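Quick note: residue numbers are just sequence positions, from 1. Just so you know, ligand 1 is whichever comes first in the structure, and atom 1 is the first atom listed for that ligand. Just so we're clear, the structure is a prediction, and the values are computed from it rather than from any experiment.
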Amino acid sequence: MVIGGSSGLGRALAERLARAGHSLVLVSSDLRDTQALAADLALRWGVQAVPMALDLAQSPLPLAALDAALAAMPPLTGLLLAAGMNREGDEPGQAPASFAALTCANYTNLCHLVDHFLPRLRREPRSWIVGFGSVAATRGRTRNAAYSAAKRALQSYFESLRHFLAGSGVKVQFYVLGYLDTNLAFGQRTLLPRASPQRLADAVYRRKDSDFGVSYYPRFWYPVCALLRQLPWTVFRRLSF
Ligand SMILES: NC(=O)c1ccc[n+]([C@@H]2O[C@H](COP(=O)([O-])OP(=O)(O)OC[C@H]3O[C@@H](n4cnc5c(N)ncnc54)[C@H](OP(=O)(O)O)[C@@H]3O)[C@@H](O)[C@H]2O)c1
């Protein structure tokens, strides 16, 4: 199941998984995108691909339709949480509805999805849960305030999840991502190059059985983020990025 499977990284993951012969459930808020992609993947790779609409910004999340879709499919062995939502004006002082939507779509509802599907994933001898964070969460800035806080919280939840599932057949992985060449970063001025979502999807698939916990992608972000974390406040507060 690819959450956020209609564009960017999620779409690239769906392509990669279909190419490897996996049945798929593709979830996004706009059914038209996942419908077209699912039909295309089914045709090209001969896999079962089911499009589903779900707005992650709403609460509580209605999950009955996803359960019904899964009932007609092979057992669930992977949950890839590639959805991400940011918006202009995500700064301290924003309206509660905007804050709630960003928190639900980037954190709470992703955790609810994990919790909901955990019993199924644990029943399988080998399964896989992947979360995606952002280097934007390394230090809190004026911009992307709720998005970054949600991503940092998601990373902490994934560490708890990995701890909880240690020694089980469920691999828990979390990628901290730098800029990607996708809609989410469209029009943004980026200090460092953007990574290809297809190459990232290949790397994610290649490492699916590895118990690494957290990984930065591209890897040069690891030392960059380590440096950012060490910057004294007097320097950090002057940076505008
Ligand atoms: N792009 C970057 O530079 C960057 C940097 C760091 C981290 N990331 C993270 O990398 C992951 C992939 O991002 P991306 O660049 O591939 O983004 P993207 O191209 O904008 O795709 C985002 C996906 O999430 C879905 N989505 C967004 N809001 C949703 C909602 N409310 N309900 C249901 N689905 C929703 C979108 O579907 P709909 O359009 O149908 O809503 C789409 O499938 C995200 O977790 C993102 O936070 C991205």
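The distance from ligand 1 to the heavy atoms of D30 drops below 4.0 Å at these ligand atoms: 40 (O). The Y147 neighbourhood of ligand 1 comprises atoms 7 (C), 8 (N), 9 (C), 46 (C), 47 (O), with distances under 4.0 Å to a heavy atom of that residue. Those atoms of ligand 1 that come under 4.0 Å of a heavy atom in N183, given as number and element, are 19 (O), 20 (O). Near G8, meaning under 4.0 Å from any of its heavy atoms, are these atoms of ligand 1: 16 (O), 19 (O). Atom numbering of ligand 1 starts at 1 in the shown order; those under 4.0 Å from a heavy atom of M85 are 28 (N), 31 (N). Of all atoms in ligand 1, numbered sequentially from 1 with element shown, those under 4.0 Å from a heavy atom of A83 are 24 (O), 44 (C), 45 (O). Within the listing of ligand 1, atoms 3 (O) sit less than 4.0 angstrom from a heavy atom of Y179. Within ligand 1, the atoms closer than 4.0 Å to a non-hydrogen atom of L54 are 32 (N), 33 (C), numbered from 1 in the order shown.
Among G5, S6, A137, G4, the residue whose heavy atom lies nearest to atom 39 (O) of ligand 1 is S6. The heavy atom nearest to atom 38 (P) of ligand 1, considering only A12, S29, S134, A57, is found in S29. When the heavy-atom distances from atom 12 (C) of ligand 1 to A82, G84, A150 are ranked, the shortest goes to A82. Taking each of V135, D55, L37, T34 in turn, the one with a heavy atom nearest to atom 31 (N) of ligand 1 proves to be D55. For the residues L26, T182, L81, N144, the heavy atom positioned nearest atom 1 (N) of ligand 1 is part of T182.
Contacts between S7 and ligand 1, counted as non-hydrogen atom pairs separated by less than 4.0 Å, involve both the backbone and the side chain. Contacts between I3 and ligand 1 below 4.0 angstrom, taking non-hydrogen atoms only, are absent altogether.
Although no hydrogens or angles enter the test, the distance criterion places no donor-acceptor pair under 3.5 Å between the side chain of Q198 and the main chain of E15. Under a 3.5 Å cut-off, the side chain of D90 and the backbone N or O of A146 do form a donor-acceptor pair.
Within the structure, the salt bridge (charged side-chain N to carboxylate O under 4.0 Å, His left out) test picks out no pair touching residues 214-235 (sequence neighbours left out).
Of all heavy-atom pairs spanning W221 and G178, the tightest one is NE1-CA, 3.4 Å. Between S23 and P74, the shortest heavy-atom distance links the atoms OG-CG, 3.5 Å.
The shortest heavy-atom distance from P197 to ligand 1 is not under 4.0 Å. Under a 4.0 Å heavy-atom criterion, G178 is in contact with ligand 1. Between A136 and ligand 1 there is no heavy-atom distance shorter than 4.0 Å. Using a 4.0 angstrom heavy-atom cutoff, K151 counts as in contact with ligand 1.
Within the model, atoms CG of L37 and OG of S6 stand 8.0 Å from one another, a figure rounded to the nearest 0.5 Å. Residue W128 holds its CH2 atom at 4.5 Å from CG of L80, rounded to the nearest 0.5 Å. With rounding to the nearest 0.5 angstrom, the CZ atom of F132 is 13.5 Å from the CG atom of N106.
Backbone and side-chain nitrogen or oxygen atoms of G133 are examined, and none is located within less than 3.5 angstrom of a nitrogen or oxygen of ligand 1. The distance criterion of under 3.5 Å between nitrogen or oxygen atoms is not met by A105 with respect to ligand 1. Between L56 and ligand 1, a contact under 3.5 Å exists for at least one N or O pair.
Between Y175 and F212, the ring center distance clears the sub-6.0 Å criterion.
Atom CZ of R44 is surrounded by more than 12 heavy atoms from other residues, nucleotides or ligands within 6.0 Å. For Y216, the OH atom is densely surrounded, since the number of other residues' heavy atoms within 6.0 Å is greater than 12.
Scored by the side chain to side chain contact (heavy atoms under 4.5 Å, CB included) test, A69 finds V50, M52 as partners (sequence neighbours excluded).
Geometrically, R162 does not engage F174 in a cation-pi contact, judged by NZ or CZ lying under 6.0 Å from the ring centre and within 45° of the ring axis.
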